[in-house]
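Starting from 1, each residue takes its place in the sequence as its number. Counting starts at 1 for both ligands and their atoms, in listed order.
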Amino acid sequence: MPKAGFVSFVGRPNAGKSTLLNRIVGHKLAIVSDKPQTTRTRIVGVKNYPDGQVVFVDTPGVHKPTHRMNVRMVGVALDAMRDVDLLTLIVDVSVKPGPGDRYLLGLLKDVTTPAILALNKVDLIAKAKLLPIIDRYRQQHPFVEFVPISATDGTNVDVLETLFLQYLPEGEPLYPADYVTDQPDRFFVSEIVREQVLQLTHDELPFSTAVVVDRFEEPGENEGYSLYCTILVERESQKPIVIGKAGAMIKKIGTAARHELERYFDARVYLDLHVKVKSEWRDDERVLDEMF
Ligand SMILES: Nc1nc2c(ncn2[C@@H]2O[C@H](COP(=O)(O)OP(=O)(O)OP(=O)(O)O)[C@@H](O)[C@H]2O)c(=O)[nH]1
Ligand SMILES: [Mg+2]
């Protein structure tokens, strides 16, 4: 009998959840950055194995919410601890645990879902440091497995995948064999643009920026996609930063995003970017309803 079910990735911001999802599924489904709070929504990725199908659920990092958007983000992660067959807590072993880690472990106490602990970024630390870390986590939660991994170089990711299948219930595949994700193309368009904003800006901007797809035109014969997006910022003073001197920054964002979008669609892309100030959009339920 084959295995089938849902496996979620939860953890603190920046732990490497999305990097792991992309590596396992073999597609870039989630954008990744070195800044915390990159993922804002639930991202699904399906992988088929000879002995079963796993539906992976990547989630936003759990953090202290400062806006309604953040409350929603954390809510997504909390739901994904419960509504799955197996949860994977991903921790970054290269950083010292803090209050946020304790908060997250506290949340796990009310959850009955079996949990695997994936100790990520082992490429960054000496092997001797691992055992004490594992010991500490063992005392804090009855994890069913402890797996040191590196989501970037792939160390032990195959071991982790074997364990996922082991802990999943028997069942027929939930999705057709060629199904990868439930996110629509529009979502990937806005995320690919946002990824460039994350990469090319800093300070408060990555947190206070959102990308909305205003128009999405499928290509006609011998044509490319025409995509019209708005980059939302929160304050008038942030607009010139995204636009740059004589439009240099918005051009840089646009060119990089267009290249990535052309790879994604395997077609030519015309990308039109606008910047708009929408004060306090992170607390605006209407804006959030469109994003979540
Ligand atoms: N050295 C090293 N870096 C890693 C590893 N896994 C992820 N990273 C890096 O850690 C950073 C965060 O990775 P993400 O995958 O975006 O982390 P995340 O947990 O999805 O973060 P949020 O979406 O903000 O919650 C990126 O710069 C990754 O390249 C790893 O195994 N080793
Ligand atoms: Mg992420």
Side-chain angles (χ1 to χ4, degrees), residues 7-45 56-67 69-81 87-98 100-101 103-104 107 116-127 129-130 133 146-161 181 183 187-188 190-192 194-202 204-211 260 282 291-292:
V7 174
S8 63
F9 294 162
V10 294
R12 296 274 295 146
N14 248 345
K17 301 174 292 296
S18 301
T19 307
L20 183 63
L21 174 82
N22 292 343
R23 169 168 284 275
I24 289 178
V25 176
H27 293 278
K28 187 166 160 186
L29 297 178
I31 60 168
V32 163
S33 88
D34 58 0
K35 303 187 170 81
Q37 299 176 29
T38 299
T39 305
R40 289 178 174 167
T41 52
R42 176 183 192 271
I43 300 175
V44 164
F56 294 100
V57 182
D58 182 23
T59 65
V62 174
H63 62 283
K64 204 169 173 182
T66 47
H67 297 274
M69 173 181 76
N70 306 79
V71 173
R72 292 196 189 204
M73 285 164 66
V74 175
V76 169
L78 296 184
D79 289 347
M81 291 183 180
L87 89 82
T88 317
L89 178 67
I90 299 175
V91 294
D92 177 348
V93 290
S94 74
V95 295
K96 256 178 110 157
D101 295 271
Y103 174 69
L104 188 47
L107 292 175
I116 290 182
L117 184 70
L119 302 118
N120 191 32
K121 309 198 189 181
V122 290
D123 55 293
L124 296 178
I125 64 158
K127 263 211 175 105
K129 289 202 170 149
L130 258 180
I133 300 176
F146 299 83
V147 192
I149 62 162
S150 170
T152 44
D153 75 16
T155 303
N156 270 346
V157 171
D158 54 339
V159 174
L160 192 60
E161 291 182 77
T181 189
Q183 304 286 338
F187 169 78
F188 290 106
S190 67
E191 287 291 271
I192 286 168
R194 192 166 66 86
E195 181 173 48
Q196 294 307 323
V197 178
L198 286 177
Q199 267 177 26
L200 297 167
T201 68
H202 37 82
E204 183 54 20
L205 261 178
F207 299 100
S208 53
T209 303
V211 177
E260 189 74 16
R282 282 185 281 179
M291 280 175 13
F292 287 83

Subject >> Structural part of T38 in contact with ligand 1, heavy atom criterion under 4.0 angstrom >> reply: both
Subject >> Protein heavy-atom partner closest to atom 25 (O) of ligand 1 - residue, atom, separation in Å >> reply: K17 NZ, 2.8 Å
**OP:** Answer with side chain, backbone, both or neither: which part of P36 has a heavy atom less than 4.0 angstrom from an atom of ligand 1?
**Re:** backbone
**OP:** Can you figure out which of H63, Q37, K121 has its heavy atom closest to atom 10 (O) of ligand 1?
**Re:** K121
**OP:** State whether E204 and R282 are salt-bridged, where the test is any N-O pair (Lys NZ or Arg NE/NH1/NH2 against Asp/Glu carboxylate O) under 4.0 Å.
**Re:** yes
Subject >> Residue, atom name and distance, where the atom is the protein heavy atom closest to atom 27 (O) of ligand 1 >> reply: D34 CA, 3.5 Å
Original post:
In the protein, which heavy atom is nearest to atom 1 (N) of ligand 1, and how far is it?
Top reply: D123 OD2, 2.8 Å
Original post:
Counting only heavy atoms, which portion of S33 has something under 4.0 Å from ligand 1: side chain, backbone, both, or neither?
Top reply: backbone
Original post:
With no hydrogens and no angle check, do the side chains of H63 and N70 hold a donor and an acceptor under 3.5 Å apart?
Top reply: yes
Subject >> Close-contact set for ligand 1 against G16 heavy atoms, below 4.0 Å >> reply: 7 (C), 13 (O), 14 (P), 15 (O), 17 (O), 18 (P), 19 (O)
**OP:** Would you indicate which of T39, L21, V32 comes nearest to atom 29 (O) of ligand 1 when only heavy atoms are counted?
**Re:** V32
Original post:
Which residue holds the protein heavy atom closest to atom 31 (O) of ligand 1, what is that atom called, and what is the gap in Å?
Top reply: A151 N, 2.9 Å
**OP:** Measure N120 to ligand 1 on non-hydrogen atoms and call it side chain, backbone, both or neither using the 4.0 Å cut-off.
**Re:** side chain
Subject >> Nitrogen or oxygen of L124 less than 3.5 angstrom from that of ligand 1 >> reply: no
**OP:** Please verify whether a non-hydrogen atom of A15 lies at under 4.0 Å from ligand 1.
**Re:** yes
Original post:
Any N/O/S atom of T59 sitting less than 2.8 Å from the Mg ion (ligand 2), backbone or side chain?
Top reply: no
Original post:
Which pair of heavy atoms, one from R194 and one from Q37, lies closest together, and at what distance?
Top reply: NH1-O, 4.5 Å
Original post:
With the Mg ion (ligand 2) at the apex, how many degrees lie between OG of S18 and OG1 of T39, rounded to 10 degrees?
Top reply: 90°
Original post:
Can you tell me the protein heavy atom closest to atom 30 (C) of ligand 1 and the distance?
Top reply: T152 OG1, 3.0 Å
**OP:** Ignoring hydrogens, just give me the one of V62, T19, N14 whose non-hydrogen atom is nearest atom 15 (O) of ligand 1.
**Re:** T19
